[in-house]
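Note sheet for the following structure.
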Number of protein chains: 2
Amino acid sequence: MNLSPSAAAGGGLPDQPASPEVSEEHKCLNSELWHACAGPLVSLPAVGSRVLYFPQGHSEQVSASTNKEMESQIPNYPNLPAQLICQLHNVTMHADAETDEVYAQMTLQPLSPQELKDPFLPAELGNASKQPTNYFCKTLTASDTSTHGGFSVPRRAAEKVFPPLDFTQQPPAQELMAKDLHGNEWKFRHIFRGQPKRHLLTTGWSIFISAKRLVAGDSVLFIWNDNNQLLLGIRRANRSQTVMPSSVLSSDSMHIGLLAAAAHAASTNSRFTIFYNPKSKPFRVCHTIG
Amino acid sequence: MNLSPSAAAGGGLPDQPASPEVSEEHKCLNSELWHACAGPLVSLPAVGSRVLYFPQGHSEQVSASTNKEMESQIPNYPNLPAQLICQLHNVTMHADAETDEVYAQMTLQPLSPQELKDPFLPAELGNASKQPTNYFCKTLTASDTSTHGGFSVPRRAAEKVFPPLDFTQQPPAQELMAKDLHGNEWKFRHIFRGQPKRHLLTTGWSIFISAKRLVAGDSVLFIWNDNNQLLLGIRRANRSQTVMPSSVLSSDSMHIGLLAAAAHAASTNSRFTIFYNPKSKPFRVCHTIG
DNA sequence: TTGTCTCCCTTTGGGAGACAA
DNA sequence: TTGTCTCCCAAAGGGAGACAA
């Protein structure tokens with residue numbers, strides 16, 4: 001049993017350096033794919049804009065997503081207001097190495113009272129999330145994820161997003177290459193066959209399904225980027241939460257870390273970094289006018 | 001492809017409640033299995049004893065184990081000494097849900113100067129880790145982990161640890177049930193066959209190997225507990241580190257959380273919780289005499 | 001004593017059209 | 001239009017002894 005896409009039949013997984021985390025920093029994750037995966041309700045504030053950050057809300061969200069409960073008291077952070085008005089210095093888009101779920105890393109800097117008095121013209125006011133048009137998203141059926149056979153491509157989706165088939169061939173078929181969020185390539189046979197005729201992805205599909213551990217109810221989405229590359233993203237259905245950082249940090253440290261980092265930044269007006277998971281409860285970075 | 005042990009051929013995986021983390025708290029992980037997995041160099045301090053805790057060392061260790069680098073400055077914790085003399089209030093043994101690697105959760109309380117003056121008689125001084133005798137540990141070979149065939153049991157190990165076979169049968173064989181660190185049961189066919197004769201685990205073995213994602217170089221260990229149950233633990237070979245808590249906490253928060261929790265506890269003499277991973281660099285909870 | 005190989009046969013599962021919702 | 005089924009055949013894989021380190 002070989003779950004890696006580097007296996008014979010599947011697409012070639014490029015050799016990974018020791019730390020995938022580091023390598024990911026170096027290449028830019030496709031913004032349209034990120035937004036397509038995040039969904040139409042998610043928008044990222046623009047760099048330079050002012051945002052409201054709620055440390056307590058964020059802490060609760062992390063707590064919920066890791067299924068951890070507090071074991072002891074949380075220290076009080078008298079310097080930590082319920083909400084911080086911050087300037088957004090940096091946003092980078094990421095995808096979890098295990099699950100392909102998208103998240104963003106943001107560098108925030110709390111604004112001093114003086115800076116808050118400064119006039120502020122928001123450069124772009126709430127730039128709505130630009131959902132790409134040249135894409136399709138399909139929720140996987142039991143047949144799509146079964147071991148017998150491949151993926152049934154909705155007709156309009158195939159016609160809109162996949163390169164046109166050569167219908168002089170019998171049957172019409174081609175090889176598709178698609179890059180996932182980490183830049184790994186996956187190879188699929190795209191064929192138009194059956195009675196009645198329909199578009200299917202066959203060879204390569206089941207390797208993708210098992211490598212990404214997709215099940216019926218999860219969604220896949222295909223999209224073309226500006227660089228004429230086919231991209232492939234995932235939206236996982238909600239399911240029993242994974243319990244992530246066991247054996248590394250106690251839940252106390254996790255909570256306190258988040259609050260302490262914000263408190264320290266607030267008292268020194270220095271930058272701090274948060275992870276924004278668009279899939280959690282409504283996150284509390286909001287656009288605001290200074 | 002079904003990787004769960006609840007599948008037809010394998011042992012029955014008991015129904016899991018929504019949160020495995022919580023359920024694990026309720027049952028007591030077998031101490032001998034924990035120590036066998038942790039190895040002979042690891043010993044846990046006794047509850048009530050005094051220990052030295054090095055927050056900075058712990059922080060660096062977590063940093064190394066998660067492959068995360070700091071993105072911004074760490075605040076200074078003026079109240080946080082380089083080492084804290086603490087009383088150990090609680091120790092619980094755990095195993096990572098993903099990897100089965102053992103770790104311990106400890107509740108520490110920094111001692112006040114007054115308490116430090118109190119006479120202190122260590123109840124048990126450095127109780128050496130009690131390695132069980134009725135156990136064996138084998139490093140898996142390429143054959144043990146290949147898809148063709150099962151697990152070759154070293155002869156003495158099988159005779160010492162497995163129930164004796166009925167040699168009047170031809171071939172002698174029995175069914176073994178073994179519980180892993182999470183209490184899940186795995187079923188194996190134990191047979192004595194071949195030319196020359198040897199002990200083998202066949203049916204059920206490959207399901208275990210793929211479910212636990214074991215590879216050649218990893219080790220398995222079998223042990224009997226007081227309750228007459230066969231237990232099954234894992235020691236993984238060192239390999240490229242997993243990058244654990246991505247998309248949950250920034251590395252900054254992780255560092256700061258650990259230090260801030262210790263600093264807060266130190267200044268208030270309140271209890272705090274740490275995770276002790278015996279596999280990392282020598283950890284810095286040391287026995288000490290008050 | 002035990003790790004690897006190869007052989008044999010069962011099981012799994014890709015890939016096709018049939019058929020029905 | 002597309003989800004599921006079944007059929008057919010290729011590939012994967014378990015379980016056995018052979019053989020050698």
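Being a predicted model, the structure only gives us computed values, none of them experimental. Chain identifiers are assigned alphabetically (A, B, ...) following the order of the sequence lines, protein sequences preceding nucleic acid strands; residue numbering begins at 1 within each chain.
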### Task
Under 4.0 Å between any heavy atoms, over every strand shown, what does Lys138(B) touch: base, sugar-phosphate, or nothing? Just pick one.
sugar-phosphate
### Message
Of the listed nucleotides (dG17(D), dA16(C), dA20(D)), which one gets closest to any side-chain atom of Gln195(B)?
### Response
dG17(D)
### Query
Can you give the dot-bracket line for DNA chain D, using ( ) for pairs inside the strand, [ ] for pairs that cross earlier ones, | for pairs with another strand and . for unpaired bases, where Watson-Crick and G-U count if both distances are under 3.5 Å?
|||||||||||||||||||||
### Task
Ignoring backbone atoms, test whether Ser206(B) places a side-chain nitrogen or oxygen under 4.0 Å from the OP1 or OP2 oxygen of dG14(D).
yes
### Query
Any chance the rings of Phe162(A) and His190(A) have centres within less than 6.0 Å?
yes
### Task
Take atom CZ of Phe151(B) and atom P of dG14(D), then tell me their distance rounded to the nearest Å.
16 Å
### Message
Rounded to whole Å, how long is the line connecting atom CZ of Phe192(B) with atom C1' of dG17(D)?
### Response
14 Å
### Task
When you get a sec, tell me which of dT1(D), dG15(D), dG15(C) is the closest nucleotide to the side chain of Thr202(B)?
dG15(D)
### Task
Answer yes when Arg236(A) and Asp100(A) have at least one side-chain N-carboxylate O distance shorter than 4.0 Å, and no when they do not.
no
### Message
Nearest to the Pro154(B) side chain among dT2(C), dT1(D), dG14(D), which nucleotide is it?
### Response
dT2(C)
### Task
Run the ring-centre check on Phe192(B) versus Phe167(B) and record whether the distance is less than 6.0 Å.
yes
### Options dT4(D), dT2(C), dA16(D), nucleotide nearest the side-chain atoms of Ser143(A)
dT4(D)
### Task
Provide, to the nearest angstrom, the distance between the CD1 atom belonging to Ile207(A) and the C1' atom belonging to dA11(D).
12 Å
### Message
Whole angstroms only, please: what is the CG-P distance between Leu140(B) and dG3(C)?
### Response
10 Å
### Message
Once you measure the plane-to-plane angle for Phe151(A) and Phe136(A), does it fall in the parallel (<30°), tilted (30-60°) or perpendicular (>60°) bin?
### Response
parallel
### Query
So, is Ser146(B) near the phosphate of dT4(C), with a side-chain N or O under 4.0 Å from OP1 or OP2?
no
### Query
With respect to the side chain of Arg155(B), which nucleotide from dA16(C), dT1(C), dG14(D) is positioned closest?
dT1(C)
### Query
Quick one: His148(B) NE2 to dC8(C) P, roughly how many Å, whole number?
14 Å
### Of Gly150(A) and Arg198(A), the one whose closest DNA chain C nucleotide lies more 5'
Gly150(A)
### Task
Return yes if some donor-acceptor pair links the side-chain N/O of Asp218(B) with the main-chain N/O of Ala237(B) below 3.5 Å, else return no.
yes
### Query
Where the side chain of Ala142(B) is defined as all heavy atoms beyond and including C-beta, which of dT4(C), dA16(C), dG17(C) is the nearest nucleotide?
dT4(C)
### Query
Are Leu33(B) and Phe222(B) side-chain neighbours, meaning at least one heavy-atom pair lies under 4.5 Å?
no
### Query
Can you tell me how far P of dT1(D) sits from CZ of Arg156(A), to the nearest Å?
6 Å
### Task
Among dT2(D), dA16(D), dA18(D), find the nucleotide with the atom closest to the side chain of Arg193(B).
dA16(D)
### Task
Identify whether the distance between the nearest side-chain nitrogen and carboxylate oxygen of Lys212(B) and Asp180(B) falls below 4.0 Å.
yes
### Message
Ring-plane angle category for Tyr103(B) and His94(B), please: parallel below 30°, perpendicular beyond 60°, tilted otherwise.
### Response
parallel
### Task
Take atom CG of Leu200(A) and atom P of dA16(C), then tell me their distance rounded to the nearest Å.
8 Å
### Query
Between dA20(C), dG13(C), dT2(C), which nucleotide has the shortest distance from any of its atoms to the side chain of Ser152(B)?
dT2(C)
### Query
Whole-Å distance between dG13(D) P and Ile209(B) CD1?
14 Å
### Summary
Side-chain atoms of Ile191(A) come closest, of dA16(C), dG15(C), dT2(C), to dA16(C)
